[in-house]
Amino acid sequence: MVEDFRTFLEEMEETKEGGFIRVKKEIDYRFETAAFVKKLEQTRKVPLIIFEKIKGKSMPVAVNCNGTRGRVAQALNIPKEDLGKSILNAYSHPVPPVEVARGPVQEIVLKGKDIDLTQLPAMVYHETDVGPYITAGIVFAKDPETGVYNLSYNRLMLKGKNKLGIFMTVGKHLNTIYTKMEQLNKPLEIAVSIGNHPSWAVGALAIGTYEEDELGIIGGLKGSPLEMVKCKTVDLMVPAGAEIVLEGVIPPFIRETEGPFSEFTGYSLGKGESQVVDITAMTHRRDPIYQDICGGQGREHLIMATIPMESNYLRFVRSSVPEVLAVKVPAAFTLFIQLKKTHEGQARQAIIAALNADLYRKHAIVVDHDININNLQQVLWAIATRFQASQDMFVIPKVRGSSLDPSADEIGVTDKMGIDATAKPNLNDFAPMNTIPEEVMKRIKLEDYI
Ligand SMILES: Cc1cc2nc3c(=O)[nH]c(=O)nc-3n(C[C@H](O)[C@H](O)[C@H](O)COP(=O)(O)O)c2cc1C
Ligand SMILES: [Mn+2]
């Protein structure tokens with residue numbers, strides 16, 4: 001497996017996995033690329049798109065790089081059905097990165113007055129967006145005590161030639177690192193990598209413990225060490241094969257207005273006082289390709305977040321209830337859990353583990369092993385016929401949750417709900433299901449009668 005964005009794009013142009021489109025006609029970064037992506041999604045298409053000419057900008061733009069499971073799997077060189085298994089395997093077999101002396105991402109180095117972020121084709125997606133946002137940047141930061149790296153995607157608001165606004169959810173690791181630095185009254189050094197092979201995305205979105213090093217997980221996925229180069233102005237390493245890197249610091253105690261931004265929940269949210277990033281260097285390839293993830297409820301964001309999340313939830317829930325067979329994130333904040341129930345209380349135990357696996361989980365629904373959790377109709381049937389609200393549902397009020405849930409009274413504080421939709425006491429002793437003798441099903445052939 002390669003770890004280089006360009007080689008990945010070439011491979012996708014050749015194989016056309018999930019579709020590949022080159023748009024030569026000029027298009028505007030304000031709303032037009034978003035409309036293009038949305039129109040394709042309305043026809044159930046999520047091709048990788050290269051916009052060759054963005055109005056007023058010089059860099060081409062790649063969108064939907066992680067838009068389908070098949071594309072991510074092919075980039076990782078593994079069969080689609082093995083994605084979850086391979087990610088889990090990488091958690092337990094991390095491979096640390098290596099430092100290389102030079103990388104194409106530093107072919108051009110801009111510092112001081114030469115930095116101009118407004119040259120980047122950052123997009124405006126929806127009418128409610130406050131301005132252009134960088135969405136496909138992976139933020140690299142280090143814990144001040146252990147030096148362990150953390151990788152995460154964070155929306156970055158373009159605020160000027162060398163300034164960004166950054167949204168860091170309370171309870172997520174980057175925010176924890178920043179808070180530690182703020183307590184020391186020191187700025188937090190970060191680097192933002194744009195134009196990344198999907199393996200970096202899967203690693204950045206891995207939801208592990210604070211101590212778990214996401215770089216090791218990516219190396220584990222790849223099966224060999226990642227190649228990284230030292231930054232020019234901050235004490236961090238970044239992917240040698242990335243397209244663009246922004247280096248900078250987040251100063252302590254500074255907050256400025258950031259947002260609103262069209263979020264994955266389908267709402268324009270999060271206008272508030274957020275931290276800022278002062279950019280100290282911008283490095284890039286000689287002819288960089290800018291990467292974008294369409295804002296809002298697009299397929300790419302959903303797929304990107306879901307792939308590593310499901311692996312982690314399975315790991316977490318199974319560590320508590322080994323009889324859990326599968327999990328599925330069917331919608332924002334929601335988790336379906338498929339359980340082969342052997343003992344009383346297991347469904348609730350699985351729910352507690354799921355709600356605790358990550359602060360984004362708000363609703364957890366457990367069904368029996370005969371229910372296909374990829375089939376919403378079947379899950380709703382289980383809720384309708386195996387569940388009594390007064391007995392089989394429980395609520396834990398006012399828990400830390402997503403800051404992007406518009407139904408919460410207090411930002412980031414939400415009720416968590418568990419639904420035990422398994423048959424009680426168990427499937428064997430439950431109402432018998434409608435069945436026709438198997439022998440008859442086999443014997444009766446439609447063509448014999450019609
Ligand atoms: C496209 C995209 C944009 C995201 N934007 C943000 C954001 O603005 N703020 C945030 O806190 N998390 C954001 N996330 C989610 C985090 O990147 C994700 O929860 C990550 O696993 C956090 O890692 P950490 O806990 O190791 O810091 C985004 C995810 C994706 C896929
Ligand atoms: Mn982390």
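Each ligand, and each atom within it, is numbered from 1 in the order the structure gives. From a predicted model like this one, the values you see are computed outputs, not experimental measurements.
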Student: Give the residue and atom name of whichever protein heavy atom lies nearest to atom 9 (N) of ligand 1, and the separation in Å to one decimal.
Tutor: Phe167 O, 2.8 Å
Student: Classify the angle between the aromatic ring planes of Phe140 and Trp200 as parallel (below 30°), tilted (30 to 60°) or perpendicular (above 60°).
Tutor: tilted
Student: Without hydrogens or angle criteria, can the side chains of Ser193 and Asn196 be said to hold a donor-acceptor pair below 3.5 Å?
Tutor: yes
Student: With no hydrogens and no angle check, just 3.5 Å: does a side-chain donor-acceptor pair link Thr135 and Tyr125?
Tutor: yes
Student: Under 3.5 Å, is there a donor-acceptor pair linking the side chains of Asn372 and Gln378?
Tutor: no
Student: Give a yes-or-no answer on whether the side chains of Glu247 and Thr280 include a donor-acceptor pair shorter than 3.5 Å.
Tutor: no
Student: To check you understand the geometry: which heavy-atom pair defines the closest contact between Ala122 and Ile134, and what is its length?
Tutor: CB-CG1, 4.1 Å
Student: Report the nearest protein non-hydrogen atom to atom 15 (C) of ligand 1: residue, atom name, distance rounded to 0.1 Å.
Tutor: Tyr153 O, 4.0 Å
Student: Looking only at protein heavy atoms, which one is nearest to atom 20 (C) of ligand 1, and what is the separation?
Tutor: Ala204 O, 3.9 Å
Student: Can a side-chain donor-acceptor contact be found between Asp143 and Tyr210 if the only test is distance below 3.5 angstrom?
Tutor: yes
Student: Is any protein N, O or S atom closer than 2.8 Å to the Mn ion (ligand 2), and if so, which?
Tutor: Asn150 OD1, His173 ND1, Glu214 OE2
Student: Which residue supplies the protein heavy atom nearest to atom 25 (O) of ligand 1, what is that atom called, and how far is it?
Tutor: His173 N, 3.0 Å
Student: Does Lys80, at its NZ atom, have more than 12 non-hydrogen atoms belonging to other residues, nucleotides or ligands within less than 6.0 Å?
Tutor: no
Student: Among all protein heavy atoms, pick out the one at the shortest distance from atom 11 (O) of ligand 1; state its residue, atom name and that distance to 0.1 Å.
Tutor: Thr169 OG1, 2.6 Å
Student: Are any of the heavy atoms in Tyr210 under 4.0 Å away from ligand 1?
Tutor: no
Student: Side chain or backbone of Tyr360 under 4.0 Å from ligand 1, or both, or neither, by non-hydrogen atoms?
Tutor: side chain
Student: For Lys57, does the NZ atom sit with more than 12 other heavy atoms under 6.0 Å from it, leaving out its own atoms?
Tutor: yes
Student: Does a side chain donor of either His197 or Ser199 reach within less than 3.5 Å of an acceptor in the other side chain?
Tutor: yes
Student: What atoms of ligand 1 come closer than 4.0 angstrom to any heavy atom of Glu214?
Tutor: 26 (O)
Student: Would Thr257 and Glu273 count as having a side-chain donor-acceptor pair, cut-off 3.5 Å?
Tutor: yes
Student: Any idea which protein heavy atom is nearest atom 27 (O) of ligand 1, and the distance to it?
Tutor: Asn150 ND2, 2.9 Å
Student: Thr135 versus ligand 1: do any nitrogen or oxygen atoms come within less than 3.5 Å of each other?
Tutor: no
Student: What residue and heavy atom of the protein are closest to atom 8 (O) of ligand 1, and at what distance?
Tutor: Arg155 N, 2.7 Å
Student: Testing the 3.5 Å rule here: is there a donor-acceptor pair between the side chains of Tyr133 and Glu258?
Tutor: yes
Student: Identify, for atom 2 (C) of ligand 1, the protein heavy atom at the shortest distance, and state residue, atom and that distance.
Tutor: His301 CE1, 3.4 Å
Student: Purely on distance, is any nitrogen or oxygen of Leu174 under 3.5 Å from one on ligand 1?
Tutor: yes
Student: Are a donor atom and an acceptor atom from the side chains of Asn89 and Ser86 found within less than 3.5 Å of each other?
Tutor: no
Student: For ligand 1, note which part of Leu151 has a heavy atom under 4.0 Å away: side chain, backbone, both or neither.
Tutor: backbone
